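Whatever order the structure lists ligands and atoms in, that order sets their numbers, starting from 1. All figures in this text were calculated on a predicted structure; none of them were measured in a lab. We number each residue from 1, following the sequence as shown.
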Amino acid sequence: MTQNVVVLGATGSIGSQTIEVATELGLEIVALAARSPSEAFAALARKHPAARVVAAGGSSEEREVFARAVGRPVEFGSDAVTDTARTADATVVNGIVGAAGLRATVAALETGNRVALANKESLVAGGPVVTDALAGGGELIPVDSEHSALFQCLVGEDPASVSRLILTASGGPFRGRTRESLAEVTPEQALAHPTWDMGRRISIDSATMFNKGLEVIEAHFLFHVDYERIAVVIHPQSILHSAVEYVDGSWKGHLGHPDMRIPIQYALTAPARAGSPVETFNLAGRSLTFEEPDREVFPALDLAYAAGERGGSSPAVLNAADEVAVEAFLQRRLGFLGIAEVVASTLEMVPWRQVATVDDVLDADREARETAASLIAGAC
Ligand SMILES: NC(=O)c1ccc[n+]([C@@H]2O[C@H](COP(=O)([O-])OP(=O)(O)OC[C@H]3O[C@@H](n4cnc5c(N)ncnc54)[C@H](OP(=O)(O)O)[C@@H]3O)[C@@H](O)[C@H]2O)c1
């Protein structure tokens with residue numbers, strides 16, 4: 001385990017839990033990056049006086065106020081965020097939300113660093129590019145609880161003996177609802193996730209089931225398993241984090257508290273394990289239930305499978321259109337059911353292309369954002 005940790009998305013849900021876990025493990029936080037030069041970020045920077053501090057965004061006034069509040073030299077802009085990922089001999093925890101995390105993932109891998117990847121959008125949008133970057137000697141350890149579970153179930157196994165990957169999904173706050181009843185749901189209702197406390201985009205994506213769709217694509221690129229051998233099952237208690245089925249009919253599953261500090265810690269320490277960051281887990285008294293996802297009510301899942309199968313730019317387009325549609329829903333410019341409609345139309349409208357470089361991915365991302373934004377503007 002390297003002692004140095006770079007935390008990207010430091011002010012977010014993953015970022016703050018990473019800082020807690022890394023501090024408990026006695027690791028050194030060598031860099032902190034976030035988007036906004038906010039007071040909360042400045043306070044975090046003051047708590048870690050040895051860390052390099054980078055904010056991707058902000059106006060010139062906001063940046064000035066931030067630099068004064070931090071009280072030591074700070075850096076600004078996306079290129080500086082990417083540069084922190086090149087810190088020598090560091091584990092880079094990528095907790096940035098959205099395709100904005102791709103450049104940092106690629107830079108860290110090309111430098112030979114370990115990437116503890118929460119930013120699933122890196123793999124969804126840029127799967128082939130991230131896979132190529134692994135040739136730089138870096139290492140990719142998933143943080144997403146389902147993929148951490150699969151990763152751990154696969155340790156020591158021959159890939160040829162894997163029959164299927166089974167991703168579990170809580171079903172989100174609208175499990176069991178009819179399509180009609182979802183037309184008028186509010187952002188507050190959609191943000192109220194039953195088992196996980198997460199950032200805004202992933203919470204809405206869990207309500208639409210786009211999150212599970214993105215995770216299917218993430219699993220395909222992480223574990224090199226065909227889409228028809230990746231299944232999704234609803235498991236409302238979020239105790240079984242995912243499972244692998246082997247050709248002999250055996251299953252290996254990963255269970256425990258639904259608490260992101262566990263997969264974050266494993267991504268920092270793997271293949272070793274450190275003491276649990278949460279209280280002891282007990283199975284007694286719990287009931288675990290499983291059901292098929294409702295693909296009519298939640299069309300996002302099949303949209304993601306189709307985009308994954310099509311490959312090339314399609315997953316990047318799916319992700320970018322969803323990012324734009326989720327933001328519009330949160331701002332009440334688009335209804336809940338409109339999110340999947342905008343993504344489906346954007347996938348039809350943006351021409352398919354191969355993606356071989358980060359720029360190819362970001363071109364497809366930009367075109368999809370423009371298309372989705374104009375579809376939403378036209379619908380308002
Ligand atoms: N939260 C979870 O439990 C969970 C579980 C599994 C996977 N994930 C994945 O982890 C990632 C982060 O999710 P989250 O829930 O932690 O999101 P979040 O709470 O919204 O935090 C996102 C973080 O990314 C920063 N950020 C956004 N754009 C950036 C940019 N261009 N450059 C640098 N930093 C940027 C934000 O900074 P500002 O605060 O300044 O905007 C914030 O620190 C997502 O990919 C999500 O799918 C999350």
Task: Crowding at CD, E24 (>12 non-hydrogen neighbours, <6.0 Å) - done: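 For E24, atom CD is not crowded (no more than 12 foreign heavy atoms under 6.0 Å).
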Task: Salt bridge flag under 4.0 Å for residues K252 and E245 - done: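 No salt bridge links K252 with E245.
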- [ ] Can you label the angle between the Y266 ring and the F151 ring as parallel, tilted or perpendicular, going by 30° and 60°?
- [x]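 Plane angle over 60°, so perpendicular.
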Open item on the list: Parallel, tilted or perpendicular, judged at 30° and 60°: which one describes the rings of F290 and H235?
Closed with: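 Correct class here is parallel.
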- [ ] Could you pull out every protein residue that has a heavy atom closer than 4.0 Å to ligand 1, ordered by chain and then number?
- [x]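 Contacts of ligand 1 under 4.0 Å: G9, A10, T11, G12, S13, I14, A34, R35, S36, A56, G95, I96, V97, A100, A118, N119, K120, E121, D144, M198, G199, I202, M260.
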TODO: Can you sort out the partners of R35 under salt bridge (Lys or Arg N to Asp or Glu O under 4.0 Å), two or more places apart, ordered by chain and number?
DONE: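 Applying salt bridge (Lys or Arg N to Asp or Glu O under 4.0 Å) to R35 gives none.
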TODO: Would you check, one step at a time, whether the test ring-ring contact (aromatic ring centres under 6.0 Å, His included) holds for F336 with F174?
DONE: CA-CA 11 Å; F336 183 78; F174 303 139; 5.2 Å; yes
